[in-house]
Amino acid sequence: MADELVHYVVDRGVATITLDSPSNRNALSAQLRSELKQHLTSAIDDDAVRVIVLDHTGPVFCAGMDLKEARGSGAGDQGVNEFPQLLTQIMTSPKPVVAKLAGPARAGGVGIVAAADIAVAVEDATFAFSEVRIGVVPAVISIPVLPRLLPRAAHELFLTGEQFTASRAADIGLLNSAVPTDALDDEVQRFVNALVAGGPQAVAATKELLRGDVTADDLAKSFNDMLAMSARFFASEEGQEGITAFAQKRKPNWIPDA
């Protein structure tokens, strides 16, 4: 049996869910997605849990989809098909979710950060919507990400795929704060303490209020529309070329020769 890739611990009302697949930069493999979904369900269903913290081991929070699993698959087989379920769990959880980043996030990993209610990262963490660089579209993650970002920044960063700093991530609305490495634990604890100070039913209702008129059914429809686009590009000739080029550490064939 494969070793567990996601750990779950509950302590004094805080459920800590830790991504522990550093060998592939905590990429969203089928096993990791399955375990993450199970642990999110456990935390949401446990009346004793007041706050959920998403943590990680290794230097990277989450590198996005596991591209090794996406190579050569048809649109219906892409792992991205299961990703909206995870984002929906985070976004609709009645318990507030805090993302704790001691390192970078890319693509789908940034989607998880945006889906969380609170996100804190170390100052040297970096971010990128790197999908276009491998010939795919940041469609699914656009649902949680776009409401967070300043529009001009969203256009720039989605279209270029360029890397940006934690400081800029905070400035454009992706993060609540970017702190020195030695201050990360204290900053996350500060938010956790503030969140558990609220009445659990009031906090749950306030999360619904913050979603506005967007219901779970609305999210499902939006995700289904974006999912069709994302899966199609993952399985497309361009997407497969980009994924292969990334694995082979070469430029994809659409980049003009110098």
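- For the residue pair Thr126/Arg106, the side-chain donor-acceptor check at 3.5 Å is satisfied.
- Counting non-hydrogen atoms of neighbouring residues, nucleotides and ligands closer than 6.0 angstrom, the CG atom of Asp45 exceeds 12 such neighbours.
- Ring geometry, His39 versus Tyr8: the interplanar angle falls under 30°, so the pair is classed parallel (tilted spans 30 to 60°).
- Proximity of a side-chain donor or acceptor of Ser236 to a complementary backbone N or O of Phe233 within less than 3.5 Å is detected.
- Of the candidates Val98, Leu101, Ile90, Ile90 is the only one forming a side-chain contact (heavy atoms from CB on, under 4.5 Å) with Leu54.
- Taking hydrophobic clusters as Ile, Leu, Val, Met, Phe, Trp and Tyr residues chained together by side-chain heavy-atom distances below 4.5 Å, Val188 does not share a cluster with Leu19.
- At least one side-chain heavy atom of Ile44 sits under 4.5 Å from a side-chain heavy atom of Ile52.
- The number of heavy atoms from other shown groups lying within 6.0 Å of CZ (Arg12) does not exceed 12.
- We find that Glu241 and Arg250 are joined by a salt bridge, their nearest charged nitrogen and carboxylate oxygen being less than 4.0 Å apart.
- Counting only N and O atoms by type, the side chains of Gln31 and Glu35 include a donor and acceptor under 3.5 Å apart.
- The 12-atom threshold is exceeded at NE2 of His7, counting heavy atoms of other residues, nucleotides or ligands nearer than 6.0 Å.
- Contact of the Asp55 side chain with the Phe61 side chain is not registered, since no non-hydrogen atoms from C-beta on lie closer than 4.5 Å.
- Looking only at atom types and distance, the side chain of Gln89 has no donor-acceptor partner in the side chain of Lys37 under 3.5 Å away.
- Within 6.0 Å of atom CZ in Phe158, more than 12 heavy atoms from other residues, nucleotides or ligands are found, so the atom counts as buried in its surroundings.
- At least one side-chain heavy atom of Leu175 sits less than 4.5 Å from a side-chain heavy atom of Val113.
- Remark: the backbone N or O of Gln85 is not paired with any side-chain donor or acceptor of Thr88 at under 3.5 angstrom.
- Between the Glu208 side chain and the Val203 main chain, no donor and acceptor come within less than 3.5 Å of each other.
- A donor-acceptor contact closer than 3.5 angstrom is absent between the side chains of Ser222 and Asp225.
- Grouping the Ile, Leu, Val, Met, Phe, Trp and Tyr side chains by contacts below 4.5 angstrom, directly or via other members, places Val214 with Met226.
- Using modelled atom types, one finds no donor on one side chain facing an acceptor on the other under 3.5 Å when comparing Asp185 with Gln189.
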Evaluate the criterion side chain to side chain contact (heavy atoms under 4.5 Å, CB included) for residue pair Arg50 and Val14; output intermediate values, then yes/no. CA-CA 6 Å; Arg50 301 287 309 285; Val14 179; over 6 Å; no
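- If you check the side chains of Gln248 and Thr244, you find no donor sitting under 3.5 Å from an acceptor.
- Between the side chains of Thr57 and Asp20, a donor-acceptor pair is found at a separation under 3.5 Å.
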